[in-house]
Amino acid sequence: MSTPNVLDELQWRGLIAHATDLDALRSHLGQGSVRFYVGFDPTAPSLHMGHLVQILTARRLQQAGHTPYALVGGATGMIGDPKETGERTLNSLDTVKDWVEKVRGQIEPFLSFEGANAATMVNNYDWTASLSVIDFLRDIGKHFPVNRMLARDVVRSRLEAGISYTEFSYVLLQSLDFLNLHRDHGVTLQFGGSDQWGNLTAGVDLIRRADGERAHAIATPLMTRSDGTKYGKTEGGALWLDPEMLSPYAFHQFWLNVEDEKVGELLRVFTFLRRGEIADLERLTAEEPWKRAGQKALADEVTTLVHGADETEQAKAAAAALFGGGDLHALSTTTLAAALREAGAASVSREALPSIVDLFVEAGLAKSKGEARRTVSEGGAYLNNVRVEDPDHVPTTDDLVGGSWLVLRRGKKHFAGVEAR
RNA sequence: GGCAGGUUGCCCGAGCGGCCAAUGGGAGCGGACUGUAAAUCCGUCGGCUUUGCCUUCGAAGGUUCGAAUCCUUCACCUGCCA
């Protein structure tokens with residue numbers, strides 16, 4: 001799907017929070033396949049929702065005929081991008097190398113490595129590790145006025161609390177990446193999250209100062225809830241893309257629970273549905289919000305992109321079984337067991353079934369017995385969809401659904417299963 | 001280097017010898033209302049073998065029947081002076 005100008009598409013999807021020069025960029029993108037890059041620092045063993053915006057944006061640009069360079073920050077990950085809350089803890093080389101491989105593996109499925117505009121994976125460790133300090137300070141450092149570096153928002157916010165020279169220098173490395181990719185591969189566009197804007201423009205400046213050439217930058221917006229707080233948090237933490245860190249079921253549930261006001265925006269950013277389809281879904285969400293057509297489409301689309309169609313079907317089936325409101329005993333054992341494994345399951349001995357409080361802790365629905373006890377006293381604890389009011393209640397083998405399962409629920413929407421063996 | 005002030009539970013922030021596991025706000029969690037939404041209201045919010053016990057108020061010592069609260073030393077932060 002080659003659009004006349006992909007920039008219009010990105011703007012319509014709300015993906016451009018800042019850009020260096022929109023008119024110049026538009027004509028640049030209209031003149032053929034532009035080589036662009038986007039970087040990911042390995043700061044955790046998995047990428048999350050925020051990175052997904054970048055990955056999908058890269059895919060959109062590639063689909064429009066442009067050529068992606070996906071960069072993993074083997075070098076920048078060793079240094080750490082300054083953040084407002086404080087100094088980062090340095091990770092060991094082994095850790096960073098491990099995470100680089102994981103991150104790389106998460107990006108690759110989204111891009112095409114074949115054809116005229118095949119994607120390329122690069123690692124900035126390759127050109128940074130052997131760089132001499134003298135060369136770095138003379139060739140790169142000379143182009144960075146410290147007074148300008150001090151004026152950046154992130155740096156300024158850290159001057160009181162303190163910032164190490166290490167983090168202060170981060171922007172030089174990222175700018176060097178852009179310069180190198182520009183020189184060696186003809187890359188002329190970098191994009192990243194809006195919190196990266198300073199780093200993006202620094203790279204554009206460096207290319208101009210060092211080589212006298214023009215480059216472009218785009219910043220995508222930070223995803224926020226309607227109350228302004230950051231998106232992408234679940235009970236367990238970030239919205240990780242790694243199924244080991246966040247089950248496809250939990251991932252699917254996150255999107256399904258998105259607020260009505262945000263459905264349209266999220267559909268534009270996180271799916272490849274076309275304008276007409278999104279317009280229909282927005283209309284349905286406004287007219288019949290209780291049907292949550294937008295949320296369902298969003299959850300299915302994004303989960304399929306990240307985890308595949310099979311996992312999506314299983315997540316949906318699990319949700320249907322658990323939230324169906326029907327009699328649990330009416331479900332087939334296979335369906336029930338699959339649903340509970342999706343939601344999270346533990347196993348106990350059927351010889352001595354633990355009390356409801358212990359079961360909640362065992363199944364991960366409560367962090368401590370105190371919390372489990374509290375949940376019971378608050379009326380938020382359910383066994384097989386029946387509220388339990390006695391924290392010392394001990395289920396019997398008669399309670400086992402399908403012969404071996406106990407269905408636990410906390411509050412309205414947190415399910416877990418316990419298998420009695 | 002000198003003087004003054006600070007360091008409290010996930011975050012912000014009270015407390016200034018016993019009634020303190022520690023006021024209040026935010027986040028989180030549960031309930032009501034709903035649509036597995038938002039808003040609102042109510043409750044809850046260190047751990048445990050839970051009418052009690054244990055571990056917390058920057059760190060380590062000390063005074064006292066008893067300390068988050070007093071004293072000493074150390075670490076870090078802030079302000080004023082040099």
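Naming convention: chains lettered A, B, ... in sequence-line order (proteins, then strands); numbering from 1 in each chain.
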A.B. asks: Rounding to an integer number of angstrom, what distance separates B:rC48 and B:rU63 when you compare their P atoms?
C.D. replies: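 Their P atoms lie roughly 34 Å apart.
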A.B. asks: Could you tell me if A:Q174 and A:D81 have a donor-acceptor pair between their side chains, going purely by distance under 3.5 Å?
C.D. replies: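 A:D81 vs A:Q174: no donor-acceptor pair found between side chains.
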A.B. asks: Pick base, sugar-phosphate or nothing for A:Y382, based on heavy-atom distances below 4.0 Å to the nucleic acid.
C.D. replies: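 Sugar-phosphate, backbone atoms only, no base.
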A.B. asks: Take the protein atom NZ of A:K369 and the nucleotide atom C1' of B:rU44, then report the distance between them rounded to whole Å.
C.D. replies: 21 Å
A.B. asks: How long is the line joining NZ of A:K262 and P of B:rA39, in whole Å?
C.D. replies: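 Nearest whole value for this atom pair: 13 Å.
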A.B. asks: Rounded to whole Å, how long is the line connecting atom CG of A:L298 with atom P of B:rG35?
C.D. replies: 21 Å
A.B. asks: Given atom CZ of A:R387 and atom P of B:rG31, what is their separation to the nearest angstrom?
C.D. replies: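 Answer to the nearest Å: 7 Å.
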A.B. asks: Rounded off to whole Å, could you give me the CZ-to-P distance for the A:F323 and B:rG35 pair?
C.D. replies: 15 Å
A.B. asks: Are any of the side-chain nitrogens in A:R373 or A:E378 under 4.0 Å away from the carboxylate oxygens of its partner?
C.D. replies: no
A.B. asks: Using the C1' atom as the point on both nucleotides, what is the distance between B:rU55 and B:rA21, in whole Å?
C.D. replies: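 It works out to 10 Å between them.
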A.B. asks: What interatomic distance, in whole Å, is found between P of B:rA82 and the corresponding atom of B:rC12?
C.D. replies: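 It comes out at 34 Å once rounded to the nearest Å.
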A.B. asks: Is it true that A:T76 and A:N124 share a donor-acceptor pair across their side chains at a distance under 3.5 Å?
C.D. replies: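 Yes.
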A.B. asks: In whole Å, what separates the C1' atom of B:rG1 from that of B:rC65?
C.D. replies: 44 Å
A.B. asks: On a plain distance test, is the side chain of A:K412 in donor-acceptor contact with the base of B:rU34 below 3.5 Å?
C.D. replies: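 Answer is yes: a donor-acceptor pair is held.
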A.B. asks: Considering just the side-chain nitrogens and oxygens of A:T375, establish if one lies under 4.0 Å of OP1 or OP2 belonging to B:rG30.
C.D. replies: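 Negative; the distance criterion is not met.
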A.B. asks: Tell which nucleotide pairs with B:rU51, taking only Watson-Crick or G-U wobble pairs whose two distances are both under 3.5 angstrom.
C.D. replies: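 Paired with B:rU51, as far as the under-3.5 Å criterion goes, is no nucleotide at all.
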A.B. asks: For B:rC19 versus B:rU69, give the span between their P atoms, rounded off to a whole number of Å.
C.D. replies: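 Nearest-Å result for B:rC19 against B:rU69 at atom P: 14 Å.
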A.B. asks: Is there a Watson-Crick or G-U wobble partner for B:rG1 with both distances under 3.5 Å, and which nucleotide is it?
C.D. replies: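 In the structure as shown, B:rG1 has B:rC81 as its Watson-Crick or wobble partner.
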A.B. asks: Does A:R374 make a side-chain N or O approach to OP1 or OP2 of B:rG31 shorter than 4.0 Å?
C.D. replies: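 So the side-chain polar atoms of A:R374 never come under 4.0 Å of the phosphate oxygens OP1 or OP2 of B:rG31.
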A.B. asks: Quantified in whole Å, what is the C1' atom distance between nucleotide B:rA75 and nucleotide B:rG58?
C.D. replies: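 Going atom to atom, C1' in each nucleotide, I get 8 Å.
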A.B. asks: Under 4.0 Å between any heavy atoms, over every strand shown, what does A:E371 touch: base, sugar-phosphate, or nothing? Just pick one.
C.D. replies: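 If one applies the 4.0 Å heavy-atom cut-off, A:E371 turns out to touch nothing in the nucleic acid.
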A.B. asks: Do A:E342 and A:S247 get their side chains close enough for a donor-acceptor pair, meaning under 3.5 Å?
C.D. replies: no
A.B. asks: Round to the nearest Å and state the distance from A:K367 atom NZ to B:rG28 atom C1'.
C.D. replies: 8 Å
A.B. asks: Let me spell it out: for each of A:W290 and A:G370, pick the nucleotide of RNA chain B with the closest heavy atom. Which residue's pick is nearer the 5' end?
C.D. replies: A:W290
A.B. asks: Examine A:R409 relative to A:Y382 and say whether NZ or CZ is less than 6.0 Å from the centre of the six-membered ring and inside a 45° cone about the ring axis.
C.D. replies: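 Ring-cation test returns yes.
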A.B. asks: Looking at A:S368, does any N or O in its side chain come under 4.0 Å of the phosphate oxygens OP1/OP2 on B:rG46?
C.D. replies: no
A.B. asks: Tell me which nucleotide among B:rC48, B:rG35, B:rG31 gets nearest to the side chain of A:R292.
C.D. replies: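 So the nucleotide nearest the side chain must be B:rG35.
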A.B. asks: How far, in whole Å, is B:rU51 from B:rU56 if one measures between their P atoms?
C.D. replies: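 Their P atoms lie roughly 22 Å apart.
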A.B. asks: Expressed as a whole number of Å, how far does the C1' atom of B:rC76 sit from that of B:rG25?
C.D. replies: 27 Å
A.B. asks: Does B:rA75 pair with anything, Watson-Crick or G-U wobble, both distances under 3.5 Å, and if so, with which nucleotide?
C.D. replies: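 For B:rA75, the partner nucleotide comes out as B:rU7, under the 3.5 Å rule.
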A.B. asks: Taking any heavy-atom pair under 4.0 Å as a contact, classify A:A319: base, sugar-phosphate, or nothing.
C.D. replies: base
A.B. asks: Quick one: the side chain of A:E378 and the base of B:rG31, do they pair up donor-acceptor inside 3.5 Å?
C.D. replies: no
A.B. asks: Rounded to the nearest Å, what distance is computed from the CZ atom of residue A:R373 to the C1' atom of nucleotide B:rG47?
C.D. replies: 11 Å
A.B. asks: Determine which nucleotide pairs with B:rU56, using a 3.5 Å limit on both distances of a Watson-Crick or G-U wobble pair.
C.D. replies: none
A.B. asks: Is any side-chain N of the basic residue among A:K102 and A:D98 closer than 4.0 Å to the acidic one's carboxylate O?
C.D. replies: yes
A.B. asks: Whole angstroms only, please: what is the NZ-P distance between A:K413 and B:rA38?
C.D. replies: 6 Å
A.B. asks: Distance-only, no hydrogens or angles: does the A:R59 side chain make a donor-acceptor pair with backbone N or O of A:L111 under 3.5 Å?
C.D. replies: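 No, because the side chain of A:R59 does not come within donor-acceptor range (under 3.5 Å) of the backbone of A:L111.
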